[in-house]
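Scroll down for the structure; my scribbles are underneath it.
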Amino acid sequence: MSEEAQVLKLFGIPFNVGNCLSGFVAALIVFFLVFWLSRKVEMKPNGKQNVLEWAIDFTNGIVKSAIPDEEGKKYGVLAFTLFMFIFVSNQLGLIFQVNVGGITYIKSPTASTATTLTLAFAVLLLSHLMGVMKFGFKGYVRNSYFSPMPALFPINIIEQFTNFLTLALRLYGNIYSGEVLLTVIYQQLGKAAAPWTLIPAFPLEMVWQGFSVFIGSIQAYVFVTLTMVYMSQKVEKE
């Protein structure tokens, strides 16, 4: 998928307008969606409150599977926020894209390595910070790099980098490839010379659209699950 990017510099730092704007739109959607779902909360939930409580229970279940003790309760909000943002970000480019003059301003934020690498870096940085806060610096180093045996120290060091890359690139690859194929289908529809060529193209587009929604949902779940696993490695005794 060939696309140009508009880059603005602020204090000498380059910012991709498309990435920043797409991420901002996704965050706004999550905020207003959760705000709307959380209005008029009742003791006996019904309607939209059920949807919100289901999402919270779902992400709490992910946390409990990785950090089952009281420690896990600290990360419920983190898991819920990550899941909602990544889920909406994954679907954003499937719903609509804004392209002006060959420059894409709105797409799935997670179809960019800048977004996924930032999310992965923030998650892993937070996991290391929480490890230090719980065990102290010496305890964190011992638990994270010299357990279950000191001989695994080199492997544990390499694992920190592989965790970062796989967490980011798995999400990026799945979402980017979905948008690429949808773009190809749109382009072929636009170039169709005869009406009968549209007949097989529309079902193909609908099938891939549905499959992309499924993949986007799974990737949000996988990202949050791995986040909690990496967190547990830093805050739980090996």
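Predicted model, so just to flag it, every value in this text is computed and none were measured. Just so it is clear, the values below take in all heavy atoms, side chains as well, and ignore hydrogens, waters and symmetry mates.
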Once rounded to the nearest 0.5 Å, what's the spacing between atom CG of L165 and atom CG of L117? 7.5 Å
Look at the side chain of S177 and the backbone N and O of N174, then say whether any donor-acceptor pair between them is shorter than 3.5 Å. yes
Same cluster or not: V141 versus V132, using hydrophobic residues (I, L, V, M, F, W, Y) connected whenever any side-chain heavy atoms lie under 4.5 Å apart? yes
With sequence neighbours excluded, tell me which residues meet side-chain hydrogen bond (donor to acceptor under 3.5 Å, both in side chains) with K64. none
Determine, stepwise, if the pair T227 / Y75 fulfils side chain to side chain contact (heavy atoms under 4.5 Å, CB included). CA-CA 10 Å; T227 294; Y75 306 103; over 6 Å; no
Applying salt bridge (Lys or Arg N to Asp or Glu O under 4.0 Å), which residue pairs with at least one partner in residues 110-135 are found, sequence neighbours left out? E71-K134
Single-linkage hydrophobic cluster V222~V224, side-chain heavy atoms < 4.5 angstrom: yes
Within residues 21-36 or reaching into it, pairs that qualify as salt bridge (Lys or Arg N to Asp or Glu O under 4.0 Å) - sequence neighbours excluded: none
Quick check against the 3.5 Å criterion: does T115 have a side-chain atom that pairs as donor or acceptor with the backbone of P109? yes
To the nearest 0.5 Å, what is the distance between CG (D57) and CZ (F80)? 10.5 Å
Spacing of T110 atom OG1 and F87 atom CZ [to the nearest 0.5 Å]: 11.5 Å
Do you reckon V17 sits in the same ILVMFWY cluster as L28, going by side-chain contacts under 4.5 Å, direct or chained? no
Give the C-alpha distance, both sets of side-chain angles, the deciding distance and a yes or no for side chain to side chain contact (heavy atoms under 4.5 Å, CB included) between L82 and V123. CA-CA 10 Å; L82 270 178; V123 161; 3.9 Å; yes
Would you tabulate the side-chain donor-acceptor contacts of residues 48-56 under 3.5 Å, counting partners in other chains and residues two or more places apart, or write 'none'?
unit_1	atom_1	unit_2	atom_2	d
K48	NZ	W36	O	3.2
Q49	OE1	E42	N	2.8
Q49	NE2	E42	O	2.8
Q49	NE2	E53	OE2	2.9

dist L226:CG -> T166:OG1 (nearest 0.5 Å) comes out at 7.0 Å
Which residues pass the ring-ring contact (aromatic ring centres under 6.0 Å, His included) test with Y140, not counting sequence neighbours? H128, Y145
Please round to the nearest 0.5 Å and tell me the distance separating atom CE of M84 and atom CG of L33. 4.5 Å
Which pair of non-hydrogen atoms, one from F146 and one from N156, has the smallest distance, and what is that distance? N-ND2, 4.2 Å
Which residues share a side-chain hydrogen bond (donor to acceptor under 3.5 Å, both in side chains) with N19, sequence neighbours left out: S112
Indicate the atoms forming the closest heavy-atom contact of I67 with E236, along with that distance. CG2-OE2, 3.4 Å
Got a sec, which pairs hit salt bridge (Lys or Arg N to Asp or Glu O under 4.0 Å) with one end in residues 158-177, sequence neighbours left out? none
Kindly give the heavy-atom pair with the smallest separation between N90 and S108, and that separation in Å. O-OG, 3.3 Å
Taking the side chain from S38 and the backbone from F35, do they hold a donor-acceptor pair closer than 3.5 Å? yes
Closest non-hydrogen contact found for Q160 with L124 is O-CD1, 4.1 Å
Heavy-atom closest pair (S217 atom, Q91 atom, distance to 0.1 Å) is N-NE2, 3.6 Å
Heavy-atom closest pair, residues M228 and V63: SD-CG2, 3.7 Å
Please evaluate residues Q233 and N163 with respect to the criterion side chain to side chain contact (heavy atoms under 4.5 Å, CB included), reporting the C-alpha separation (whole Å), side-chain torsions for both, the decisive distance (0.1 Å), and the verdict. CA-CA 12 Å; Q233 293 174 349; N163 286 347; 4.1 Å; yes
What about I62 and V77, same hydrophobic cluster or not, with Ile/Leu/Val/Met/Phe/Trp/Tyr joined at side-chain heavy-atom distances under 4.5 Å? no
All ring-ring contact (aromatic ring centres under 6.0 Å, His included) counterparts of F31, not counting sequence neighbours: none
Hydrophobic clusters here meaning ILVMFWY residues chained together by side-chain heavy-atom distances under 4.5 Å, can you tell me if I157 and F164 are in one? no
If you round to the nearest 0.5 Å, how far is CG of L21 from NZ of K107? 11.5 Å
Using the side chain to side chain contact (heavy atoms under 4.5 Å, CB included) rule, take L78 and L126 through it: C-alpha gap first, then chi angles, then the decisive distance, then the call. CA-CA 11 Å; L78 171 65; L126 180 61; 3.6 Å; yes
Co-members of the apolar cluster containing M149 [side chain, <4.5 Å]: L152, I155
Listed partners of S127 passing side-chain hydrogen bond (donor to acceptor under 3.5 Å, both in side chains), at least two apart: none
Going by the ring-ring contact (aromatic ring centres under 6.0 Å, His included) test, which pairs reach into residues 213-235, not counting sequence neighbours? F58-Y221
Check side-chain hydrogen bond (donor to acceptor under 3.5 Å, both in side chains) between S89 and all other residues, then give those that pass, not counting sequence neighbours. none
